[in-house]
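Written below as structure tokens is the structure these notes are about.
If you read the sequence from its start, that first residue is 1, and numbering goes on from there. Below, all heavy atoms of this structure are taken into account, side chains as well, without hydrogens, waters or symmetry copies.
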Amino acid sequence: DSIQSLHGTSRGKVPEVFVDGQAGFGKALQLSGANFVEITGSASTLRFASNSLSIAGWFKVDAFDKSWQALISKGEGTNYRIARRGTGNNIAYAGGVGEGADDVPVITNGWHHFVAVTDATGAKFGTALYVDGVMRGINTNKAVLAAGTSNLFIGENPGALGRQWKGAIDDVALWDRVLSPT
């Protein structure tokens, strides 16, 4: 937002547009379900192999119209992805281990905040997904992130193409540690 620029490469049938984001966060990336952004050069970075990871951001759903629509993804298996859970009306996180419990509430209209966490130490869980400040989707199994070779995609899954996001995404950030609940 501060430089009014996109830090990735547009992909898909239509160019992305920018819309007003969550209040106080400037503009957001608006995806049509036929486009996404690839973070080129991230195949050998943003791996977090065998380490902890936290991913946070804001999202808005215009329509859940594809199974496992990807909000952000580095791939399948033991890579990491935040996506629509199957054909449900909620989201799930897989980060070094499969999705956690299916207890994320139905996503309704408006902006929602997410924080997806992989704890490589397994101190409290393997993975968890906070939605609007509430911890959900806990998987207690040991999470071991792979050193995937795909670039990071925002709004698509490089490990299972055809799962483009339809809605807005804003203020995505990644950390190489477990963020605290606060």
Side-chain angles (χ1 to χ4, degrees), residues 8 16 21-22 25 28-31 33 35-39 42 46-48 51-108 110-120 125-139 141 143-146 148 150-179 181:
E16 76 286 324
Q22 170 67 8
F25 287 91
L29 176 65
Q30 178 69 43
L31 298 172
N35 57 356
F36 62 97
V37 173
E38 179 177 2
I39 307 302
S42 64
L46 302 178
R47 286 181 165 175
F48 306 98
N51 292 312
S52 295
L53 167 66
S54 295
I55 309 167
W58 292 90
F59 71 96
K60 193 175 190 180
V61 176
D62 289 343
F64 280 136
D65 58 359
K66 296 176 187 123
S67 180
W68 295 103
Q69 281 172 274
L71 181 63
I72 182 171
S73 180
K74 188 83 158 121
E76 291 290 302
T78 53
N79 287 290
Y80 56 90
R81 67 173 152 61
I82 302 165
R84 174 187 189 189
R85 182 183 284 276
T87 58
N89 290 323
N90 59 358
I91 62 171
Y93 174 60
V97 66
E99 292 81 13
D102 186 5
D103 62 356
V104 175
V106 168
I107 301 300
T108 56
W111 285 99
H112 299 276
H113 187 258
F114 71 89
V115 180
V117 181
T118 294
D119 184 354
F125 51 78
T127 62
L129 176 64
Y130 292 81
V131 177
D132 297 329
V134 178
M135 187 193 304
R136 308 279 188 166
I138 297 168
N139 187 329
N141 295 325
V144 180
L145 285 165
S150 297
N151 281 329
L152 178 66
F153 286 6
I154 298 175
E156 174 62 296
N157 184 338
L161 295 172
R163 297 178 176 181
Q164 299 93 350
W165 189 259
K166 189 170 188 175
I169 302 172
D170 197 11
D171 204 43
V172 173
L174 291 85
W175 291 266
D176 61 354
R177 67 183 191 281
V178 173
L179 292 179

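- Between I169 and I72, every side-chain heavy-atom pair lies at or beyond the 4.5 Å cut-off.
- Among all heavy-atom pairs drawn from L31 and F36, the shortest one is CD2-CA, 4.0 Å.
- A pairwise comparison of heavy atoms in D103 and G137 identifies OD1-N, 2.6 Å as the closest pair.
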Next item on the list: Give the intermediate values and the outcome of side-chain contact (heavy atoms from CB on, under 4.5 Å) for residues V104 and Y93.
Entry: CA-CA 10 Å; V104 175; Y93 174 60; over 6 Å; no

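- For the pair H112/I107, a side-chain contact is recorded, criterion being any heavy-atom separation below 4.5 Å from C-beta on.
- Here the shortest heavy-atom pairing between A94 and E99 reads CB-OE2, 3.7 Å.
- For the residue pair M135 and Y130, the shortest heavy atom distance occurs at CE-OH, 3.1 Å.
- The distance from the CG atom of L145 to the OG1 atom of T78 is 7.5 Å, given to the nearest 0.5 Å.
- Residue D65 holds its CG atom at 9.0 Å from CD of Q164, rounded to the nearest 0.5 Å.
- Remark: F48 engages no residue in a ring-ring contact (aromatic ring centres under 6.0 Å, His included) (not counting sequence neighbours).
- Annotation: side chain of D102 is in contact with side chain of N90 (closest heavy-atom distance under 4.5 Å).
- Here the side chains of V172 and F59 are not in contact, with every heavy-atom distance at 4.5 Å or above.
- Between G95 and T118 the shortest heavy-atom distance is O-OG1, 3.0 Å.
- In this structure, S52 contributes its side chain and A120 its backbone to a donor-acceptor pair below 3.5 Å.
- Screening I154, N151, L152 for a side chain to side chain contact (heavy atoms under 4.5 Å, CB included) involving E38 leaves a single residue, N151.
- Distance check: L179 CG to D119 CG gives 11.5 Å after rounding to the nearest 0.5 Å.
- Looking at D176, its side chain never comes within 3.5 Å of a backbone N or O of N51 through a donor-acceptor pair.
- Not counting sequence neighbours, the partners of W58 by the ring-ring contact (aromatic ring centres under 6.0 Å, His included) test are F25, H113.
- Judged by distance alone, the side chain of T87 and the main-chain N or O of S67 form no donor-acceptor pair under 3.5 Å.
- Residues Q69 and K166 bring no donor and acceptor atom of their side chains to less than 3.5 Å of each other.
- Counting heavy atoms from C-beta outward, W165 and D62 have side chains that stay 4.5 Å or more apart.
- In terms of modelled atom types and a separation under 3.5 Å, the side chain of R136 and the main chain of L129 share no donor-acceptor contact.
- Here the CD atom belonging to Q30 is positioned 11.0 Å from the CG atom belonging to D170, to the nearest 0.5 angstrom.
- Residues I55 and Y80 form a side-chain contact, since some pair of their non-hydrogen atoms from C-beta on lies under 4.5 Å apart.
- Across G88 and F64, no two heavy atoms sit closer than the pair O-CD1, 4.0 Å.
- Between the side chains of N35 and E16, no donor N or O sits under 3.5 Å from an acceptor N or O.
- The closest side-chain heavy-atom distance from F153 to L161 is below 4.5 Å.
- Without hydrogens or angle criteria, S73 side chain to A70 main chain gives no donor-acceptor distance under 3.5 Å.
- By the 4.5 Å heavy-atom criterion applied to side chains, N157 and W68 are not counted as neighbours.
- S150 places no side-chain N or O within 3.5 Å of a backbone atom of G75 that could act as its donor or acceptor partner.
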